[in-house]
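One structure is given below, encoded as structure tokens.
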Amino acid sequence: MQGLMQHWPLLCSKVIDHAAIHHARREVVSRSVEGPIHRTTYAEIRQRSLRVAKRLEREGVALGDRVATMAWNTWRHLECWYGILGLGAIYHTLNPRLFPEQIAWILRDAEDELIFVDLTFLPILEAIAPSVPSLRKVIVLTDGAHLPETNLPGAVAYEDWLAEADEDFRWREFDETTAAGLCYTSGTTGNPKGVLFSHRSNILHSFIAIQPNAMNLSSQSRAMPVVPLFHANGWGIAFSCPMVGAALVMPGPKMDGASIAELLTGERVTFSAAVPTVWLMLLDHLDRTKGALPDLERVVIGGAACPRVVTQAFETRYGVEVVHAWGMTETSPLGTLNVPKPETADLAGEALFDHKQKQGQTPFGVEMTITDDEGRAQPWDGETFGRLKVRGPAVSSGYFRGVGAECFDAEGWFDTGDVAHIDENATMQITDRAKDVIKSGGEWISSIELENLAVGHPDVAEAAVIGVPHPRWDERPLLVVVPKDGAAPTKEALLAHLEGKIARWWTPDDVVFVEAIPHTATGKIQKLELRRQFKDYRLPTV
Ligand code: AMP
């Protein structure tokens with residue numbers, strides 16, 4: 001027997017409708033690309049999104065078409081998302097930090113014909129447009145007065161283009177499993193793979209995200225997503241904030257410590273989300289300027305392991321709660337969040353910060369397991385490493401165009417490519433990417449744990465650990481360090497700093513000092529490149 005409840009398709013357009021009706025005057029504040037701070041509301045965002053949809057339809061865009069965006073977090077980018085998906089087309093975010101050839105490859109693979117682009121990225125687009133024959137219309141996210149000379153196909157200023165349509169438009173209706181968004185993951189090997197979010201997965205992901213035991217968002221929140229909309233579905237914030245009527249503060253193109261601090265205090269931000277590198281810049285700025293964070297209550301930190309020093313500084317110096325989270329584009333992206341549980345409520349001091357190094361628990365809607373290479377489930381004892389696999393209604397079931405099928409198994413598990421252990425309280429800790437784990441004498445050494453400890457040394461700006469070939473042990477760890485400006489740490493001092501905090505056999509065989517460590521387009525350490533740089537390195541222990 002079927003239940004007798006209405007089938008109310010979970011379409012993303014319903015989110016902006018709800019926000020516009022119930023939180024009509026809630027602010028959306030952006031630092032514009034042109035410079036000044038811009039203020040609007042959810043009611044206005046909805047009206048302009050309707051115009052985007054109507055205008056796009058006149059361009060010939062229809063259900064299932066991909067429409068690209070290469071833009072910072074601003075109100076215009078948000079309007080584009082809702083306008084595109086409200087028509088049944090697919091917002092396709094491009095990461096401008098990728099190599100231009102990679103961006104061109106992705107545009108061709110997605111067959112985008114239209115692109116919304118910020119002024120900042122016009123030079124990139126001008127360079128690659130000749131190699132993307134499908135591209136016929138470039139809508140520059142600015143007004144006529146700021147539109148520069150360009151020979152891009154069909155180039156037009158967004159505000160002029162938008163002025164040609166009114167908001168007399170009804171959101172299109174279709175099945176909730178229809179694709180809403182497309183985001184390519186920046187794989188370190190091979191071509192990028194397209195992750196295709198559906199309307200349903202975005203809505204369910206938002207329900208997951210707003211929970212008290214996740215991002216804990218409400219209409220009282222003033223949320224600043226520093227994480228760009230082009231990184232892993234913008235961590236879902238474009239949907240979860242309007243869903244509850246949280247005010248949005250968007251940093252536009254400026255993500256340096258001073259600019260972020262200015263918005264956090266000036267706009268009374270209570271909640272923010274970003275990768276660790278952003279927070280390192282902010283904390284450094286606050287340190288130098290003796291700044292404070294009077295309104296900020298909570299930050300979600302993920303995308304890479306959150307260094308202990310970041311958690312400690314936020315919690316002890318600024319009274320801000322840190323929620324360490326793990327996820328990936330394929331998980332929409334929230335997978336786990338480290339939020340307080342009764343079992344860990346009594347932790348204090350160093351024990352609390354040890355616990356906060358972990359990436360946390362899965363909220364309802366995400367299931368996880370760890371397995372060995374043969375697929376056998378491993379115990380949740382907080383020690384045994386395994387391949388981390390997840391499943392749920394906002395986890396990918398495949399990639400765009402069917403590539404990468406080997407990541408998905410018959411039981412619905414998606415192999416994340418991460419290695420983790422899970423403790424008795426169901427709290428997960430990432431120890432490595434499967435391809436970065438250091439295999440020494442048949443045992444695994446966590447590069448992430450060594451890196452976290454190394455950046456805790458006061459003279460270290462950044463640290464990376466890679467496995468270097470060793471005739472006896474297969475691989476041994478090499479610690480690569482970028483010293484802080486003006487500091488000159490020694491190998492002995494760094495190894496002494498690790499002593500007692502790790503098993504003796506985890507101690508790096510050598511330490512090298514470099515000026516910079518290579519990063520990927522999403523700000524992660526590029527281990528592949530680093531291993532290439534040190535492939536002929538001869539350890540002193542050989
Ligand atoms: P992306 O899809 O670009 O967001 O990358 C996802 C990958 O980032 C994951 O598979 C992890 O390897 C890594 N990652 C994300 N969050 C964390 C975290 N809190 N700690 C360690 N690694 C993380």
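One-based numbering, in listed order, for ligands and for the atoms of each.
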With heavy atoms under 4.0 Å as the rule, classify the contact between Asp418 and ligand 1 as side chain, backbone, both or neither. side chain
Would you call Asp459 and Lys484 a salt bridge, taking side-chain N to carboxylate O under 4.0 Å as the test? no
For atom 4 (O) of ligand 1, the option (of His231, Glu330, Lys358) bearing the nearest heavy atom: His231
For the residue pair Asn95 and Ile106, establish whether any side-chain heavy-atom pair is separated by less than 4.5 Å. no
Between Cys183, Ala304, Gly302, Gly335, flag the one that comes closest to atom 18 (C) of ligand 1 by a heavy atom. Ala304
Would you kindly specify which portion of Gln359 sits under 4.0 Å from ligand 1, judged on non-hydrogen atoms: side chain, backbone, both or neither? side chain
Is the shortest side-chain N to carboxylate O distance from Glu79 to Arg76 below 4.0 Å? no
Side chain, backbone, both or neither: which part of Ala325 has a heavy atom under 4.0 Å from ligand 1? backbone
Going by the 4.0 angstrom heavy-atom rule, the piece of Pro333 near ligand 1 is neither
Do any N/O atoms on Cys306 end up under 3.5 angstrom from N/O atoms on ligand 1? no
Within the 6.0 Å centroid threshold, strictly below: His92 and Tyr184: yes
Examine Thr185 against ligand 1 and note whether any of their N/O atoms are separated by less than 3.5 Å. no
Kindly say whether the aromatic ring centers of Tyr91 and Tyr82 come within a distance under 6.0 Å. no
Report yes if some heavy atom in the side chain of His421 is under 4.5 Å from a heavy atom in the side chain of Trp380; otherwise report no. no
Do any nitrogen or oxygen atoms of His324 come within less than 3.5 Å of a nitrogen or oxygen of ligand 1? yes
Between Phe314 and Trp279 (judged by ring centroids, cut-off 6.0 Å), do the two rings come close enough to count as a pair? yes
Under 3.5 Å, is there a donor on one side chain and an acceptor on the other for Arg222 and Thr270? no
Is Gly303 near ligand 1, meaning one of its heavy atoms is under 4.0 Å from it? yes
Within-cut-off N or O pair, Ala232 and ligand 1, under 3.5 Å: no
